[in-house]
Amino acid sequence: MSSVPLKDQLDIVIPTIRDLGFLEQWRPFFQPYHLIIIQDGDPSRKITVPEGFDYELYTRTDIERILGDKAWAISFKDSACRCFGFMVSKKRYIYTIDDDCFVAKNPSGDDINVLEQHIKNMLSPSTPFFFNTLYDPYREGTDFVRGYPFSLRDGVPTALSHGLWLNIPDYDAPTQLLP
């Protein structure tokens, strides 16, 4: 990793239809970073963001002004408007979160810094082509299992770290419709 501080290499993109009071829970983890907020819905509605966060707020009106006749490419009325945040970010890393996500707790009841875990994932190599049955072969003290090709053990750069909801499987629509 470069000597540039991580806060200068990472943006947090948040699509929203509501006020962002949920950020108070995330303050200890998100406050050092720049937020790119994409407001879905009525662009004349004023979205409130808690004080103390560094952020840019874009509405549909802003996107139409910036993209002109290409603004149709940014979907609205769904969380895909976050794609505009990906486009305007100039940072090496982007973390995105919905406006209805809450901080998870470990079994002791302490907050879990999932942003930190995703950053560690991004900075750690990934196993290409093969799945190593050891959860994380790049973690100190672990190793590769028999049969894992030596030529692939250096790994490849990690391109995506994807989190999921806790205790609620994030099924696709057809699976959700099954009895």
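Every heavy atom of this structure was used, including side-chain atoms; hydrogens, water molecules and symmetry mates were not.
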Closest approach of [X] and [Y], non-hydrogen atoms and distance?
{"X": "Pro125", "Y": "Thr158", "value": "C-OG1, 3.6 Å"}
{"X": "Phe76", "Y": "Gly41", "value": "CD2-N, 4.3 Å"}
{"X": "Val13", "Y": "Pro15", "value": "O-CD, 4.0 Å"}
{"X": "Arg45", "Y": "Gln39", "value": "O-NE2, 2.9 Å"}
{"X": "Pro149", "Y": "Arg153", "value": "O-CG, 3.3 Å"}
{"X": "Gly85", "Y": "Ile38", "value": "N-CD1, 3.7 Å"}

With clusters defined by side-chain heavy atoms of hydrophobic residues (ILVMFWY) lying less than 4.5 Å apart, directly or transitively, does [Y] cluster with [X]?
{"X": "Val114", "Y": "Phe22", "value": "yes"}
{"X": "Val103", "Y": "Phe53", "value": "yes"}
{"X": "Met122", "Y": "Val156", "value": "no"}
{"X": "Ile74", "Y": "Ile17", "value": "no"}
{"X": "Met87", "Y": "Ile63", "value": "yes"}

Between the side chains of Asp98 and Arg82, is the shortest nitrogen-to-carboxylate-oxygen separation below 4.0 Å, so that they form an ion pair? yes
Are side-chain heavy atoms of Asp99 and Leu20 found at a separation under 4.5 Å? yes
Any non-hydrogen side-chain atom of Leu35 less than 4.5 Å from a side-chain atom of Asp11? no
What is the ring orientation for Trp26 with Phe30, classed by angle as parallel under 30°, tilted 30 to 60°, or perpendicular over 60°? parallel
Is it true that a side-chain atom of [X] and a backbone atom of [Y] form a donor plus acceptor pair closer than 3.5 Å?
{"X": "Ser108", "Y": "Asp110", "result": "no"}
{"X": "Arg92", "Y": "Asp8", "result": "no"}
{"X": "Asp19", "Y": "Gly21", "result": "no"}

Side-chain donor-acceptor contact under 3.5 Å, Asn121 with Gln117: yes
Only pairs at least two apart or in different chains count here, so list each salt bridge (charged side-chain N to carboxylate O under 4.0 Å, His left out) that has a residue in residues 24-42. Glu24-Arg27
Which distance, rounded to the nearest 0.5 Å, do you find between the [atom1] of [X] and the [atom2] of [Y]?
{"X": "Leu115", "Y": "Tyr33", "atom1": "CG", "atom2": "OH", "answer": "5.0 Å"}
{"X": "Ile12", "Y": "Ile14", "atom1": "CD1", "atom2": "CD1", "answer": "6.5 Å"}
{"X": "Glu51", "Y": "Leu23", "atom1": "CD", "atom2": "CG", "answer": "13.0 Å"}

Do you know which of Ile37, Ile36, Asp62 makes side chain to side chain contact (heavy atoms under 4.5 Å, CB included) with Leu57? Ile37
Can we call the ring centroids of Phe84 and Tyr58 under 6.0 Å apart? yes
Aromatic ring proximity, centroids under 6.0 angstrom, His34 and Tyr55: no
Run the side-chain contact (heavy atoms from CB on, under 4.5 Å) test on Gln25 and Asp111 for me, step by step, so that the C-alpha distance in whole Å, both residues' side-chain angles and the decisive distance to 0.1 Å come before the verdict. CA-CA 9 Å; Gln25 288 185 20; Asp111 289 346; over 6 Å; no
